[in-house]
Amino acid sequence: MQTLDRTLSLIDALKARRLRLAALVDFPVLLWSGQSSPRNFRANTFPFRASSHFLYFTGLPLENAVIRLEDGNLILFMDEASPASALWHGETPTRDEIAGAIGADEAYPLSELEKHESDESSADSNKWQINPSKWLQDTATIGVQDPRTHADQCVLYQRSILRDVSRIKGIDLELAKAVVSLRLTHDELALAELRKAATVSIVAHKAGMAATQNARVEAEIRAAMEGVIIANDMMCAYTSIVTVHGEVLHNNQYSHSIQPGDLLLADMGAEATSGWASDITRTWPVSGKFSSTQRSLYDVVLAAHDACIAAIHPGVEYRDLHLLAARTIAAGLVDLGILCGSVDALVERDAYALFFPHGVGHLLGLDVHDMEDLGDLAGYESGRSRSDRFGLNYLRLDRPLQAGMVVTIEPGFYQVPAILHDSERRSRYQDVVNWDRLAQFADVRGIRIEDDVLVTETGSEVLTAALPTDAQAIEQLVLG
Ligand code: GLY
Ligand code: MN
């Protein structure tokens with residue numbers, strides 16, 4: 001039987017989140033957890049992942065549940081498991097047990113959400129007499145990702161619940177902004193869970209390095225890495241990238257054979273059972289020894305990674321960290337003879353983005369790319385919007401850092417054919433790229449180095465620091 005192992009301090013921490021929300025909004029809130037999608041028949045589903053906004057206030061991945069938050073109180077709506085469910089899934093906790101585990105003040109079946117009768121006089125016999133057609137007008141929500149539940153939300157509200165944050169308005173927008181302001185920085189409960197996820201991811205990356213020399217295809221290294229996550233009863237926080245073709249930024253193919261001269265790029269991380277994520281990338285030589293060209297470029301990327309982490313401090317603009325990475329990479333490529341010209345001019349003209357075409361990182365929390373279901377509401381400070389510049393368009397975070405935020409720092413170097421063979425770009429940057437020199441680095445397709453960094457009052461703490469980044473230490477881990 002599934003057990004609910006909850007401590008009072010956990011319930012207090014969840015209650016504190018609800019009280020912080022109540023201090024920000026003066027209207028009730030309904031949040032849906034979502035439900036799993038069938039693969040073919042109803043009981044054969046894709047893995048369920050509860051909505052992160054729901055998880056933030058309940059701490060439990062309940063399926064097909066709704067919470068109503070008001071003045072720091074929580075009312076849970078969910079159905080008891082059917083008698084047939086015990087046959088297939090075993091005994092599950094009752095609604096009241098779950099309510100106790102999340103510190104709910106009241107708990108009702110889902111059908112109560114649809115009650116249309118609100119009559120003060122009849123309220124005595126049932127504590128929860130509601131009139132959706134009236135009170136839903138004043139109750140805010142956030143559109144859930146899962147389409148079936150989203151349809152339920154729209155039916156209940158009798159209006160479309162927009163998921164495109166650029167179009168939401170009124171109290172739904174106020175709620176989204178309040179949730180962003182709460183989830184931007186992390187409390188002790190969240191940090192403890194983020195650390196758990198980071199610890200398992202570090203073991204997974206070490207297992208991947210150790211498995212490389214005996215692996216024939218990428219899938220075998222992926223299996224060694226994800227095996228660690230599964231053995232810890234966790235899930236992957238996103239689809240793992242484990243590839244010798246790191247120039248494909250989100251490469252989700254694992255069938256390439258592995259050659260001794262290749263670099264292996266692994267971007268994967270665990271998600272704790274509570275939903276909190278980690279996101280680590282390392283790049284290592286399949287042979288256990290970087291070639292001199294691989295090592296030169298690895299050290300350029302590492303210099304950018306280290307410079308950004310050293311600069312992290314409350315008040316620092318994340319965009320400036322991106323530009324610091326850009327400058328460091330441009331300077332390194334000038335030293336190697338790949339780029340030429342002044343570093344300032346190369347950054348000004350976005351020439352570095354030929355080789356580093358993404359942002360230096362993003363928020364991390366209950367999701368990798370935390371809160372990107374809300375578009376750029378979380379990533380971009382109010383009044384700012386995405387630049388259309390080649391070097392800045394994929395910048396996912398443009399805010400001053402605050403103590404308690406967790407961000408990734410993930411600079412990279414890639415030789416992306418679609419960029420480097422693009423005639424318009426080739427002619428625009430003809431005068432600053434030494435293409436003959438670049439050709440000497442053909443054994444580098446993609447390098448990325450990524451860590452998860454907590455902003456502290458005095459600087460930063462790298463949550464993933466126990467996994468080395470130094471080239472020699474990486475080689476040692478591969479050689480075993
Ligand atoms: N871990 C994948 C990404 O940050 O986009
Ligand atoms: Mn990342």
Side-chain angles (χ1 to χ4, degrees), residues 49 52 145 183-184 186 194 197-198 200-202 204-205 208 218 221-222 225-226 228-229 234-243 245-254 264-272 275-284 301-302 304-306 308-309 312 318-319 321-322 325-326 329 353 356-376 378-380 386 391-399 401 405-414 416 446-455 460 462-465 467 469:
R49 173 52 161 78
S52 294
Q145 295 294 304
R183 288 183 51 194
L184 264 182
H186 300 303
L194 286 163
V200 170
S201 302
I202 289 166
H205 275 259
E218 295 155 336
I221 303 173
R222 176 193 184 201
M225 300 181 81
E226 293 194 1
V228 171
I229 292 179
M234 292 189 181
M235 299 202 309
C236 291
Y238 50 95
T239 308
S240 303
I241 300 158
V242 183
T243 185
H245 282 283
E247 78 279 13
V248 180
L249 298 183
H250 281 177
N251 199 336
N252 294 142
Q253 294 175 40
Y254 313 99
L264 192 292
L265 185 153
D267 179 345
M268 61 95 70
E271 168 178 300
W276 295 88
S278 58
D279 182 6
I280 303 181
T281 309
R282 290 292 183 271
T283 308
W284 59 83
V301 176
L302 185 59
H305 165 277
D306 291 354
C308 289
I309 291 177
I312 289 181
Y318 192 82
R319 187 178 193 272
L321 296 181
H322 176 81
I329 288 170
F356 170 39
H358 59 77
V360 79
H362 49 84
L363 293 165
L364 184 71
L366 273 165
D367 282 302
V368 75
H369 296 200
D370 207 25
M371 296 182 278
E372 281 191 22
D373 62 312
L374 299 175
D376 281 337
Y380 275 62
R386 293 242 181 175
L392 293 173
N393 187 243
Y394 288 114
L395 184 60
R396 299 178 180 280
L397 180 56
D398 184 5
R399 292 183 167 273
L401 296 176
M405 280 183 177
V406 174
V407 297
T408 67
I409 293 295
E410 51 178 307
F413 172 93
Y414 315 88
V416 182
I447 295 172
R448 181 161 63 252
I449 307 171
E450 175 177 30
D451 278 304
D452 303 343
V453 188
L454 168 66
V455 184
S460 71
V462 181
L463 300 179
T464 45
L467 186 65
T469 50

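Excluded from the calculations below are hydrogen atoms, water molecules and symmetry mates; all remaining heavy atoms, backbone and side chain alike, are included. All ligand and atom numbering here is 1-based and tracks the order in the structure.
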Asker: Checking Arg222 against Tyr254: charged group under 6.0 Å from the ring centre and within 45 degrees of the axis?
Answerer: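 Yes - Arg222 lies over the ring of Tyr254, closer than 6.0 Å to its centre and within 45° of its axis.
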Asker: Heavy-atom contact check, 4.0 Å cutoff: does His250 meet ligand 1?
Answerer: yes
Asker: For the rings on Tyr238 and His369, is their centre-to-centre separation under 6.0 Å?
Answerer: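 No, too far apart.
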Asker: Please confirm whether Glu410 comes under 4.0 Å of ligand 1, counting heavy atoms of the residue only.
Answerer: yes
Asker: Inspect the contact between Arg49 and Glu271 and indicate whether a charged nitrogen and a carboxylate oxygen are less than 4.0 angstrom apart.
Answerer: yes
Asker: How far is atom 2 (C) of ligand 1 from the closest protein heavy atom, and which atom is that?
Answerer: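 Nearest protein contact, heavy atoms only, for atom 2 (C) of ligand 1 is Asp267 OD2, 3.4 Å.
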Asker: Could you pull out the atom name of the N/O/S atom in Asp279 that is nearest the Mn ion (ligand 2)?
Answerer: OD2
Asker: Consider ring pair (Phe, Tyr, Trp, His ring centres under 6.0 Å). Of Tyr394, Phe413, Tyr414, which one does His358 pass it with?
Answerer: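 The passing option is Tyr414.
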Asker: Could you tell me whether Tyr318 and His362 have their ring centroids closer than 6.0 angstrom?
Answerer: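 Centroid distance Tyr318-His362: not below 6.0 Å, so no.
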Asker: Of all the N, O or S atoms in Glu410, which has the shortest distance to the Mn ion (ligand 2)?
Answerer: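 Of all N, O or S atoms in Glu410, the Mn ion (ligand 2) lies closest to OE2.
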Asker: Using a 4.0 Å cutoff against the non-hydrogen atoms of Asp279, which atoms of ligand 1 qualify?
Answerer: 1 (N), 4 (O)
Asker: If the cut-off is 4.0 Å to any non-hydrogen atom of His362, which atoms of ligand 1 fall inside it?
Answerer: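 Counting atoms of ligand 1 from 1, those under 4.0 Å from His362 are 4 (O).
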Asker: So does Glu450 have any N/O/S atom less than 2.8 Å away from the Mn ion (ligand 2)?
Answerer: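 Yes - counting backbone and side chain alike, Glu450 has an N, O or S atom under 2.8 Å.
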Asker: Among the N/O/S atoms of His362, which is closest to the Mn ion (ligand 2)? Give the atom name.
Answerer: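 For His362, the N, O or S atom at the smallest distance from the Mn ion (ligand 2) is NE2.
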Asker: Any idea which protein heavy atom is nearest atom 3 (C) of ligand 1, and the distance to it?
Answerer: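 Here the closest protein heavy atom is His369 NE2, 3.1 Å.
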Asker: Is there a salt bridge (Lys or Arg N to Asp or Glu O under 4.0 Å) between Arg399 and Asp376 once you walk through the steps?
Answerer: CA-CA 11 Å; Arg399 292 183 167 273; Asp376 281 337; over 6 Å; no
Asker: For the Mn ion (ligand 2), does an N/O/S atom of His369 lie at less than 2.8 Å?
Answerer: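 No, since none of the N, O or S atoms of His369 sits under 2.8 Å from the Mn ion (ligand 2).
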Asker: Flag the pair Asp370 and Arg396 as a salt bridge only when some basic side-chain nitrogen lies within less than 4.0 angstrom of an acidic carboxylate oxygen.
Answerer: no
Asker: Tell me which one of Thr283, Thr469, Thr281 satisfies side-chain hydrogen bond (donor to acceptor under 3.5 Å, both in side chains) with Glu450.
Answerer: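 Checked Thr283, Thr469, Thr281 against Glu450; only one passes side-chain hydrogen bond (donor to acceptor under 3.5 Å, both in side chains): Thr281.
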